[in-house]
Amino acid sequence: MMTERTPLVQRYATPAEVTAAAHRMVVDAAQEAIAARGRFSIALSGGSTPRALYEALAADGAIAWPKWWLLWGDERTVPPEHAESNYRMVREALLDRIEEQPGLVLSPVAGEFALLPPEEQAKAYEAALRAEFGVPLPQIDFSLLGMGADGHTASLFPFTFALRERERLYVANDVPKLNTTRLTMTMPLIEASRRIVVLVCGDEKAAALGEVLEGKDDLSHYPAQFLRKLPQVTWLVDEAAAAFLAE
Ligand code: 6PG
């Protein structure tokens, strides 16, 4: 019998405090991973919330970047220099601001993957992850996620096929409501992460966060609900996003 567990939610007054808490958690996880395994793998999320965290990491000054592996939890199907690209956001907020570069920067839309069609990008990225980690199910040290106002996380959007994917690790997910295809980690790959931290800020997220964390099971409508059964998940939220959560 699966016992209902209460997700670990840490509430902060402002997005800046959420960013500071996330910064501490990432650095602590990196030190632990590097001590234990000689490297730290992190799957980055896109959108706007994590930009301040990436800028803070770039300014940290005490990070052993050559031992870090940067992966992308999801990505838009646009060129890496496109304004909508999560790769471009990370390049601007982090990579262009540090001298020593990470030991691995593996984006599903850059380098060898750039000219492939989305479905091939997803397959090639999954194969590259398996090759880099040397195992069929990579255990990413730290998966950083966000949540949309519709309850999506990564690019696992409501009522999309990727929600049902239990074999593949990375897919091209058609998102009709955005009239686009997104590349995304699937639940099996996210669930294998050692640590998962979800950053949620802003009053526009409050209704969805209440449904995701405390609403009745409705995974199709609120995909981020799959996270609430995972013991390795911490939610870092600001008071605006937490407005509908029980005290
Ligand atoms: C993306 C993200 C996505 C994001 C949420 C929240 O590619 O957009 O990976 O899942 O985390 O949409 O985005 P904001 O932080 O911009 O609200």
Side-chain angles (χ1 to χ4, degrees), residues 12 14-19 21-23 26 42-57 70-94 106-110 118 121-122 125 140 142-160 162-163 170-187 189-190 193 196-209 211-213 219 221-227 233-243:
Y12 295 90
T14 65
E17 289 181 20
V18 167
T19 295
H23 183 176
V26 171
I42 180 169
L44 301 173
S45 69
S48 56
T49 304
R51 181 186 280 264
L53 170 59
Y54 303 152
E55 291 170 349
L57 290 170
L70 299 194
L71 312 171
W72 273 256
D74 69 324
E75 182 55 286
R76 290 85 185 278
T77 50
V78 294
E81 295 315 310
H82 189 284
E84 291 294 308
S85 165
N86 290 337
Y87 173 84
R88 174 173 166 173
M89 187 268 282
V90 171
R91 183 178 59 69
E92 291 173 345
L94 175 57
L106 191 66
S107 155
V109 296
Q121 286 176 323
Y125 197 66
I140 296 168
F142 198 107
S143 282
L144 180 71
L145 297 172
M147 190 196 77
D150 60 357
H152 82 262
T153 190
S155 283
L156 300 170
F157 283 84
F159 309 108
T160 58
L163 301 188
Y170 218 89
V171 296
N173 192 28
D174 290 336
V175 187
K177 78 169 188 180
L178 298 181
N179 191 30
T180 190
T181 298
R182 289 280 191 91
L183 300 170
T184 185
M185 293 198 292
T186 58
M187 293 178 190
L189 182 57
I190 296 171
S193 305
I196 300 168
V197 171
V198 194
L199 307 185
V200 188
C201 296
D203 56 13
E204 74 279 8
K205 309 286 179 77
L209 191 62
E211 292 295 343
V212 164
L213 289 179
L219 193 69
H221 202 151
Y222 297 103
Q225 283 188 346
F226 88 97
L227 296 166
V233 177
T234 303
W235 297 76
L236 303 183
V237 306
D238 71 356
E239 286 305 335

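Counting starts at 1 for both ligands and their atoms, in listed order. Atom set for the values below is all heavy atoms of this structure, side chains included, hydrogens, waters and symmetry mates excluded.
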*Closest protein heavy atom (residue, atom, distance) for atom 1 (C) of ligand 1*: Arg76 NH2, 3.4 Å
*Can you tell me which residue and heavy atom of the protein come closest to atom 6 (C) of ligand 1, and the distance to 0.1 Å?*
Met147 O, 3.5 Å
*asked:* Using only atom types and a distance under 3.5 Å, with no angle test, would you say the side chain of Gln225 pairs donor to acceptor with the backbone of Glu211?
replied: yes
*Residue Gly146 vicinity, atoms of ligand 1 by number, heavy atom under 4.0 Å*: 11 (O)
*Give a yes/no on ligand 1: does Arg182 have at least one heavy atom closer than 4.0 angstrom to it?*
yes
*Roughly how far apart are Glu75 CD and Thr184 OG1, rounded to 0.5 Å?*
10.5 Å
*Go through the steps to decide whether His221 and Phe159 satisfy the test ring pair (Phe, Tyr, Trp, His ring centres under 6.0 Å), and finish with yes or no.*
CA-CA 7 Å; His221 202 151; Phe159 309 108; 5.6 Å; yes
*Counting each atom of ligand 1 from 1 as listed, which ones have a heavy atom of Lys205 under 4.0 Å away?*
6 (C), 14 (P), 17 (O)
*Intermediate values then yes/no, side chain to side chain contact (heavy atoms under 4.5 Å, CB included), Ile140 and Met185*: CA-CA 11 Å; Ile140 296 168; Met185 293 198 292; 3.9 Å; yes
_Counting non-hydrogen protein atoms only, what is the nearest one to atom 13 (O) of ligand 1? Give residue, atom name and distance._
Gly47 CA, 4.0 Å
_Atoms in ligand 1 with a heavy atom of Ala154 nearer than 4.0 Å_ = 3 (C), 10 (O)
*Applying a 4.0 Å heavy-atom criterion (strictly less than), which segment of Thr49 is in contact with ligand 1: side chain, backbone, both, or neither?*
both
*Who passes side-chain contact (heavy atoms from CB on, under 4.5 Å) against Pro50, sequence neighbours left out?*
Ser45, Tyr54, Met89, Leu144
*With sequence neighbours left out, what residues match Thr181 under side chain to side chain donor-acceptor pair (under 3.5 Å)?*
Asp174
*Distance from Glu84 atom CD to Thr77 atom OG1, nearest 0.5 Å?*
10.5 Å
*asked:* Side chain or backbone, does His152 bring an N or O within less than 3.5 Å of an N or O on ligand 1?
replied: yes
*Name the closest protein heavy atom to atom 2 (C) of ligand 1, giving the residue it belongs to and the distance to 0.1 Å.*
Asp74 OD2, 3.5 Å
*Taking distance alone, with no angle check, do Gly46 and ligand 1 share an N/O pair under 3.5 Å?*
yes
*Less than 4.5 Å apart, any side-chain heavy atom of Thr160 and any of His152?*
no
_Are any of the N/O atoms on Ser155, whether in the backbone or the side chain, positioned under 3.5 angstrom from an N/O atom of ligand 1?_
no
_Quick check on contacts: which atoms of ligand 1 are under 4.0 angstrom from a heavy atom of Asn86?_
1 (C), 7 (O)
*Name of the residue among Leu199, Val197, Ile196, Val212 meeting side-chain contact (heavy atoms from CB on, under 4.5 Å) with Trp235*: Val212
